[in-house]
There are 4 protein chains.
Amino acid sequence: MVRKLNEQTRERLRLAAVELFASAGFAAVGIRELASGAGVRTATLYNYMSGKEDLLVDIMQSIIDPLAEAAREAMETYSDPRERLVALVEMHVWVHGGRRRSTLVSDTELRSLGEVARKEMSLKRDEYEKLWRTVVQQGVEAGIFDVDNIVITTTGLLTLATGVAYWYRLDGPIQLPDLCALQADLALNLVRAQGANGPVRRSDLNVGPPIEVLPPDPAL
Amino acid sequence: MVRKLNEQTRERLRLAAVELFASAGFAAVGIRELASGAGVRTATLYNYMSGKEDLLVDIMQSIIDPLAEAAREAMETYSDPRERLVALVEMHVWVHGGRRRSTLVSDTELRSLGEVARKEMSLKRDEYEKLWRTVVQQGVEAGIFDVDNIVITTTGLLTLATGVAYWYRLDGPIQLPDLCALQADLALNLVRAQGANGPVRRSDLNVGPPIEVLPPDPAL
Amino acid sequence: MVRKLNEQTRERLRLAAVELFASAGFAAVGIRELASGAGVRTATLYNYMSGKEDLLVDIMQSIIDPLAEAAREAMETYSDPRERLVALVEMHVWVHGGRRRSTLVSDTELRSLGEVARKEMSLKRDEYEKLWRTVVQQGVEAGIFDVDNIVITTTGLLTLATGVAYWYRLDGPIQLPDLCALQADLALNLVRAQGANGPVRRSDLNVGPPIEVLPPDPAL
Amino acid sequence: MVRKLNEQTRERLRLAAVELFASAGFAAVGIRELASGAGVRTATLYNYMSGKEDLLVDIMQSIIDPLAEAAREAMETYSDPRERLVALVEMHVWVHGGRRRSTLVSDTELRSLGEVARKEMSLKRDEYEKLWRTVVQQGVEAGIFDVDNIVITTTGLLTLATGVAYWYRLDGPIQLPDLCALQADLALNLVRAQGANGPVRRSDLNVGPPIEVLPPDPAL
DNA sequence: GATGAATGAGGCTTCATTCAT
DNA sequence: TATGAATGAAGCCTCATTCAT
């Protein structure tokens, strides 16, 4: 029954880290702030981590692994490049909108990692992005995407979908599923996706609701 | 010709600051690094600045003011919302591609500023973004942009154009003017810009070359 | 009995601060000296203070509050202005002679305080001095003090009694109680205090031994 | 004609030093402040001094030498210990009231001097004080001073007369000559100076106006 | 598991001073 | 004479971390 307190502290630390890293940046956050955010003394932190970087790695892994997993799921669930694109965008936005702080940190603080961790994360990220590029390519080859430069456009798609982390608020006027749909349409616009009769929109496609990776959490 | 030693140091400091802030983040850069980057001792730095934040403010102003100026020029030069959009995107990309480090810092480190400077910069940025929103609105009202949500789309346009700072290299395979055109087309896609016979591309419009704000500099 | 290490350090720091500030002046004392005086490294100091000024404030409060308290006691214990004056002088000298270093710092370093603390201390000091002035006035009004200028004379009384901090040594030839009596006589001289048959001396009055505020400490 | 500028700077520097040292203390004053007080850059200061301590030494010498000189004059002019005491007090007060900042520095900053200069100044000061003690002793031996402890009383006399530097203002309500007379009376009180019919006051003695050492200067 | 205490290293900044011009 | 530029040393303070309790 004593272990309950324990997990509370661990959880508060996680939250504090996400909140602080997201708002001030990893380098600008001191362990004193982390400790007071978690309601303990600095020395206590070292029962929960071996160093500040641990916290950062945890945050990143909490994002990047589910994201990769969900991306694979999207690829398996759909085969039409337009549907695949929509699914990718929507699960990406789902995570970036639903856990904006964590994804912000994840997207921003690669440089703050030590060499080992950085390489590992970079690899994962590259693989993830390759999936997206593949889909764009498939759309182009299928003649249903009209794209000048595949690399730039893919980057644009990712940039666009990632951007929601910078401004979206779960408790704002827009519901997360609606945001997903809106961003999916933007993505289809970007690649000039074509349907039977001209430009295609999300609502024209046979795509289910967003894959619900990671429950949204306004604190994360 | 001897009096230049001074300006050389100042220039080297500027370059070092941009380079270091861009790659490691303001908070993670120590003044020792800045000093050695500028080829002087730390005490010497204080002949050129009153504090580390000075360097950051300088960088930001070097970007944000020219950007605002060029945006105003774009608005005056063109009246068609599609042309205006293209002009905005192209001068934005011109700067973000041509001075990627400075713009990266400018876009990322607002939080590192003290309260006074932060407010000032925020104001300027807000005004700048309002210009973009106005153009989108005008396009929608004119029936030539097909946009679901003006705010989200405007944010997307800015995100997209700003994103080039994260990956574009002046010395890479793509020429800056070409990048501008490509990004302009992406923007037109995003708003589903319409011409006489369907979707419009940059090449369909009567827009001159990008406004050449700030000469590109691979070091900046 | 092991838990005292802590208080030992704190005490050593207090002593070092008093000693150093008194002999070299607040501004001339570096935290390195304070640290080595306390037998710790500089970083350790900050477990015991939030800044150098803390130490100064502590010293001042250790003097000024007991002084005010004892002054009030003197006023309550006696009603005859001559007796009151003697009591004030003696408790003042008791403190200034018994804790010369602390009082020296207290009297000298007001200017080294930040604005907030300075104002607070100034207020307390002003109130304290007002008590003295009141006693002089009462003596004049009762016709037992012969004083040309009340303000100047009061200042002189305080100057005189405070002055012992500059030269008295607890371990010198003069005992603290004797010093008190001597200074009391000087004070009576200064105001030309009159008794039944001419000038009055301390031994003519019905005054008990000095109020023993703060035990004397040659280190303080 | 160019030398005029020169002397202006030297003079401004002197004034700035006195003003700053008096109000903040030698150790707390930086050469930047001295420079800006003198209206030049820091490097320029070194055309007028060989180090910060020079300024302090100059200030002290400007006080201590004239003081000693005037003390000797007082001893030569008068022979009655009561008159001598009055003359000493009045010229001391004349200087300490007329040049309060300089005397403040002079009395306070001995500790800030290097060993060599400190010893020299200490010697001068000791000699000066010895003169005072001599006078008190002579009064006691002549049976016209009633003093318990010669050393303590002498110290008290000096403390009292020196004290004016801490509060007197040339531009306040009290004229300097009046202040001298008031303080002379306080001194006579302190030693219980006797005349033909009881306690003696300054006005009972045959003493001329204060020796006018050093013209008063509110800036000094 | 929690923490008080301590610390080496380094944070940013100012110090007094020198020197070439 | 005046100063812009540079600097080693030191200023105060915070950093992340360890360890005994």
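Naming: A, B, ... by sequence-line order, numbering from 1 per chain.
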Residue-phosphate contact under 4.0 Å: [X] side-chain N/O, [N] OP1/OP2:
X       : N      : value
D/Tyr46 : E/dT17 : yes
B/Asn6  : F/dA5  : yes
C/Thr9  : E/dA6  : yes
C/Arg32 : F/dA10 : no
D/Thr44 : F/dT3  : yes

Quiz item: Any idea which heavy atoms bring C/Gln61 and C/Pro66 closest together, and the distance?
Solution: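 So the two residues come closest at O-CD, 3.5 Å.
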Exercise. Looking only at non-hydrogen atoms, find the nearest pair between B/Val57 and B/Leu113 and report the distance.
Key: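 Nearest pair, atom of B/Val57 first, then B/Leu113: CG2-CD2, 3.7 Å.
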Quiz item: Does F/dT21 have a Watson-Crick or wobble partner in any strand here, with both distances under 3.5 angstrom, and which is it?
Solution: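 Because both required distances fall under 3.5 Å, F/dT21 counts as paired with E/dA2.
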Quiz prompt | Contact nearer the 5' end of DNA chain F, comparing C/Gly51 with A/Ser50 | solution =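 Result: C/Gly51.
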Quiz prompt | Pairwise 5' ranking along DNA chain F for C/Glu53 and B/Leu45, keeping only the more 5' one | solution =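 Whichever sits nearer the 5' end wins; that is B/Leu45.
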Quiz item: Quick one: which of C/Arg125, C/Arg99, C/Arg101, C/Arg100 gives a salt bridge (Lys or Arg N to Asp or Glu O under 4.0 Å) with C/Asp107?
Solution: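 Testing each of C/Arg125, C/Arg99, C/Arg101, C/Arg100 against C/Asp107, the sole residue satisfying salt bridge (Lys or Arg N to Asp or Glu O under 4.0 Å) is C/Arg125.
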Quick one: [X] [atom1] to [N] [atom2], roughly how many Å, whole number?
X       : N      : atom1 : atom2 : value
D/Leu13 : F/dA2  : CG    : C1'   : 14 Å
D/Arg41 : E/dT21 : CZ    : C1'   : 16 Å
D/Ile31 : E/dT18 : CD1   : C1'   : 11 Å
B/Leu55 : E/dC12 : CG    : P     : 11 Å
C/Leu34 : F/dG11 : CG    : P     : 11 Å
D/Met49 : F/dT1  : CE    : C1'   : 15 Å
A/Gln8  : E/dA2  : CD    : C1'   : 15 Å
B/Arg12 : F/dA5  : CZ    : P     : 13 Å

Quiz item: Looking at A/Arg14 and A/Glu11, does any basic side-chain N land under 4.0 Å from a carboxylate oxygen?
Solution: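 The answer is yes: the pair qualifies as a salt bridge.
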Quiz item: Per the atom types in the model, does the base of F/dA6 pair as donor or acceptor with the side chain of B/Asn47 at under 3.5 Å?
Solution: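 Indeed, a donor on one side and an acceptor on the other fall under 3.5 Å apart.
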Practice problem: Would you check if D/Tyr46 and D/Ile31 make a side-chain contact, meaning some heavy-atom pair closer than 4.5 Å? | Solution: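 The answer is yes, as the side chains (C-beta and beyond) meet within the 4.5 Å cut-off.
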Nearest to the side chain of [X], heavy atoms from C-beta on, is which of [options]?
X       : options               : answer
B/Val40 : F/dT7, F/dG4, E/dT7   : F/dT7
A/Lys52 : F/dC12, F/dA16, F/dT1 : F/dA16
B/Ala43 : F/dG8, F/dC15, E/dA2  : F/dG8

